[in-house]
There are 2 protein chains.
Amino acid sequence: MLRCIVHATIPRYLRVYGSLKAQVESGDFKLGDFLPAEPELQKLFNVSRTTVRRAVELLAQEGFVSIQQGKGTEVLDFKATQRLQYVSSFSETLQEKGFNVRYRDLVAECTPAPRRIAADLKLEPDARVVRVQRVILANGKPIAIIWNYLLPEIVPGIERRIAGMKTLYAFLESEYNLRIEAATDYISAKAAGAEEAARLEVPVESPLLVVKRITYSRGRTIEVAILHVVADKYEYCVQSKDRPPRAT
Amino acid sequence: MLRCIVHATIPRYLRVYGSLKAQVESGDFKLGDFLPAEPELQKLFNVSRTTVRRAVELLAQEGFVSIQQGKGTEVLDFKATQRLQYVSSFSETLQEKGFNVRYRDLVAECTPAPRRIAADLKLEPDARVVRVQRVILANGKPIAIIWNYLLPEIVPGIERRIAGMKTLYAFLESEYNLRIEAATDYISAKAAGAEEAARLEVPVESPLLVVKRITYSRGRTIEVAILHVVADKYEYCVQSKDRPPRAT
DNA sequence: AAGTGGTCTAGACCACGAA
DNA sequence: TCGTGGTCTAGACCACTTA
């Protein structure tokens, strides 16, 4: 039936959203300009006001525009305020910044979970987990030590398959069909101990950024990662918006 | 006029949102339960379906529930799963954790902007900015030094009004009607220098978490904040999710 | 087939900002 | 005052899940 073709239809609010976003990104609307008012957009796209508003709200959520009651909807400097906070992998981030990323001392093994890790994974204290350990090098220089603790039942046989891994998240997605849905990072700092200092090639007591990441997939906690990062070589970036709505 | 009293009205969708959220948090709806269906909620709250949906979408955005077409709206384990990343003030976060928060050495003055700060604020190198400086105490113990650099034209006379300030963001909102729309944090670490160590009452060379925050309001960069936080007393938490919308 | 959420419309009234 | 965005309604039709 011909209808099947038409069937793959994109919601109108997404089309309006995409069209506006493209014009903002291409510079048709410039920084400080105001978008056409809502009644105008209704006519332009031939949709209802509800649909227009939904599209514009999406743009605002992503930081492309700022909606101001009584004034209008202003186009922002999207390079400065862009994007919600999405899950990103450490090595992918480095690669995007143009570094050549390699691993050293990659080890994967099944071990009893340390107590804190077991608690984060919601396992009994002595449950076994898969531990992946590595030193990450950016342009040949060590930049972080990473320990990943994974639930064994979701990554069977990982010890034998991990050799050529490029980034862990991509590996989990392609080999085990595991998509990371969400993550929480806890960030603190510490001074490097003797062994860490040696492996990271920095002086003892150098400040390190400590990141604990808990990742979720299919509604479950599936991984805890611990990163010790050389502080003067990496900056952790977080973008956030707005304030929580208040009720009551 | 009596209308002034009625005037402070809270939108209905926020009331519905607040009511549902309270019931989720208090455990009236349990993990894995489904919320009443939308027509049901309409009757319960006596509002239109649009209003119900808006409330439920808010809950979903914050990770309290998961909306599933054809099935229903499931209550999630809100302690474990993601919420959106909102701009939060350091002192508000501490207060929410139950600490008694005070400031010490609060100073506000107009000074030439340091070069890096001027660049972040998009000012010429020698432009003047308002610098607010303070040590923040949690339960009487120093936990961080904060420097805030503000555009002078948006906070006129702040030097004379700042005395009793409780949190800077609340202060800006109530006194200057400035709502923070977005922020970007850059997080690294460093070892405490002699003066910092003294003011924070920690040993020299102690690891400190360094946060640079750039905040936006009305589409402009309006503030740069630098925080030096005692690393073993505070953890920076980031929640992220996966889900860029696609158009085209 | 029945019930759930997903999209969309047309129209109403309110609140804020600028002239 | 006028134009902007903010909230809300009632009703329609579609798409997905489950039985």
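In what follows, chains carry the letters A, B, and so on, assigned in the order in which the sequence lines appear, proteins first and then strands, with residues in each chain numbered from 1. What you see is a predicted model; the values in this text were computed from it and never measured.
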Can you find a heavy atom in the side chain of B/V229 that is under 4.5 Å from one in the side chain of B/F90?
-> yes

Return the set of residues passing salt bridge (charged side-chain N to carboxylate O under 4.0 Å, His left out) with A/E235 (not counting sequence neighbours), or none when no residue passes.
-> none

Count the heavy atoms belonging to other residues, nucleotides or ligands that lie under 6.0 Å from NZ of B/K30, then report whether that count exceeds 12.
-> no

Mind checking the CG-OH spacing from B/D185 to A/Y236? Nearest 0.5 Å is all I need.
-> 10.5 Å

Heavy-atom contacts, protein to nucleotides 3-8 of chain C, under 4.0 Å, summarised as B (base), S (sugar-phosphate only) or - (none) per nt, yield BBBBBS

Nearest whole angstrom, please: distance from the C1' of D/dG3 to the CD of A/E40.
-> 12 Å

Name all residues meeting the salt bridge (charged side-chain N to carboxylate O under 4.0 Å, His left out) criterion together with B/R49; count only those two or more places apart in sequence or in a different chain, and write none if there are none.
-> B/E38

Once you round it to whole Å, what is the distance between P of C/dT9 and CZ of A/F45?
-> 13 Å

Angle, rounded to 10°, between the helical axes spanning five pairs at each terminus of the helix from C/dA1-D/dT18 to C/dA18-D/dT1?
-> 10°

For B/D105, check salt bridge (charged side-chain N to carboxylate O under 4.0 Å, His left out) against everything at least two apart and list the hits.
-> B/R199

Expressed in angstrom and rounded to an integer, what is the separation of B/F34 atom CZ from D/dC16 atom C1'?
-> 14 Å

Taking salt bridge (charged side-chain N to carboxylate O under 4.0 Å, His left out) as the test, write out the residues that go with A/E57, two or more places apart.
-> A/R53

Tell me, with the steps shown, if A/L20 and A/V56 meet side chain to side chain contact (heavy atoms under 4.5 Å, CB included).
-> CA-CA 8 Å; A/L20 291 173; A/V56 174; 4.2 Å; yes

Separation of A/E74 atom CD from D/dG5 atom P, in whole Å?
-> 12 Å

Give the rounded distance in Å between these two atoms: CD of A/Q42 and P of C/dG11.
-> 10 Å

